[in-house]
Amino acid sequence: MADLRNRVFLVTGATHSIGEYIARGLHAAGAAVMITGIEDDKGRAVAETLGARATYRHLDIRSDEEIDARLAETVSVFGRLDGIVNCACSYLDNGIATARADWLAALDVNVVGAAILTQKAVAYLPKPGGVVVNIGSVAGKFGNGFRGPYSVGKAGLMHFTRLAAVALGPQGIRVVTVSPGWTWSPPMEGMTANNRDLADRAGADVTPLGRVGRMEEVANVVAFACSDEASWVNGCDLPVDGGFSMMGPDQGLGPRHWCNQHAGEFAVDAGQPNPK
Ligand SMILES: NC(=O)c1ccc[n+]([C@@H]2O[C@H](COP(=O)([O-])OP(=O)(O)OC[C@H]3O[C@@H](n4cnc5c(N)ncnc54)[C@H](O)[C@@H]3O)[C@@H](O)[C@H]2O)c1
């Protein structure tokens, strides 16, 4: 396990789901965590269950004033700030038909808020030693017929990681993306009527490891990325997706498999399918 004793991290969107697990993972590794978000009751409850070394504060990452106040408060409460984790996201999205106001609103959370928090955190982060972790997604890596600002935001955030790594590297601040694949979490619980077997069955179709991910698995990689064990990891994306992003659209089955699917329609023998 990563050793984050005597380190302090601020996590956005940490009131539930993956953000909560990230905060819990950092805390379990010994860090103090400033849990932030916009769901105050849930955030306070998370901080209470963690007890010492955890505090909740409201932080809407669209607000420069709140960002300034929470960064300063983190240092006054815990004495230092070693890193931030940009986990907050907006799923506001109507695909290609998304209206301008919704594009701007979603990108304000998914890219701009993370960029401004990073920019403002630099004044507090240790140089060298500061860390910024941006939570990406497989959604930011591939074309997707029904998504707009969410996917574009994730792709933008991954590129922000690259440019921030180059800009801040000379000061000894590392910036990385951690990109989950399909993860068993409240959004997936909602779309499966809370049926984990269904989620794993669907995940198996698109993921070499044959299931959906667990929130702890994302949190473990974030804790690693925040630790000194990752001291030479900078600017890159760490996928936590069971191999999802390594597989092409043919699901690794090759053209013979797909020709076989349609061979009957053309009265053609496409030969033996590839062994699975
Ligand atoms: N669930 C998945 O399968 C999955 C897959 C890939 C990536 N991710 C990423 O993981 C992260 C967490 O996603 P999740 O699925 O747990 O979603 P979620 O909606 O449960 O979490 C997003 C969090 O961001 C918060 N938030 C929204 N607007 C905010 C604002 N203006 N200021 C501060 N906080 C705000 C929400 O309150 C929520 O706590 C996101 O960055 C998401 O893109 C999730």
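As the structure lists them, so they are numbered: ligands from 1, and atoms in each ligand from 1. Just so you know, residue 1 is the first one in the sequence shown, and it goes up from there.
For ligand 1, the protein residues within 4.0 angstrom (heavy atoms only) are Gly13, Thr15, His16, Ser17, Ile18, Ile38, Glu39, Leu59, Asp60, Ile61, Arg62, Cys87, Ala88, Cys89, Tyr91, Val109, Ile135, Gly136, Ser137, Tyr150, Lys154, Pro180, Gly181, Thr183, Ser185, Pro187.
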Table please: side-chain donor-acceptor pairs of residues 197-204 below 3.5 Å, with sequence neighbours left out.
{"from": "Asp200", "atom 1": "OD1", "to": "Val212", "atom 2": "N", "distance (Å)": "3.0"}
{"from": "Arg201", "atom 1": "NH1", "to": "Asp205", "atom 2": "OD1", "distance (Å)": "2.9"}

Pairs under 3.5 angstrom only: tabulate donor-acceptor contacts from the side chains of residues 71-85 to other protein residues two or more places apart or in another chain.
{"from": "Glu73", "atom 1": "OE1", "to": "Arg70", "atom 2": "NE", "distance (Å)": "2.7"}
{"from": "Glu73", "atom 1": "OE1", "to": "Arg70", "atom 2": "NH2", "distance (Å)": "3.2"}
{"from": "Glu73", "atom 1": "OE2", "to": "Arg57", "atom 2": "NE", "distance (Å)": "2.5"}
{"from": "Thr74", "atom 1": "OG1", "to": "Arg70", "atom 2": "O", "distance (Å)": "2.7"}
{"from": "Ser76", "atom 1": "OG", "to": "Glu73", "atom 2": "O", "distance (Å)": "3.0"}
{"from": "Arg80", "atom 1": "NE", "to": "Asp82", "atom 2": "OD1", "distance (Å)": "3.3"}
{"from": "Arg80", "atom 1": "NE", "to": "Asp82", "atom 2": "OD2", "distance (Å)": "2.9"}
{"from": "Arg80", "atom 1": "NH2", "to": "Asp82", "atom 2": "OD1", "distance (Å)": "2.5"}
{"from": "Asp82", "atom 1": "OD2", "to": "Val8", "atom 2": "N", "distance (Å)": "2.8"}

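Residues Leu59 and Leu10 form a side-chain contact, since some pair of their non-hydrogen atoms from C-beta on lies under 4.5 Å apart. Contact check for Ile35 versus Leu50: side-chain heavy atoms found under the 4.5 Å cut-off.
Judged purely by atom type and a 3.5 angstrom limit, Arg174 has no side-chain atom pairing as donor or acceptor with the backbone of Val133.
Legend: residues meeting side-chain contact (heavy atoms from CB on, under 4.5 Å) with Arg147, ordered by chain and number and at least two apart, are Tyr91, Asp93, Ala139, Asn144, Tyr150, Ser151.
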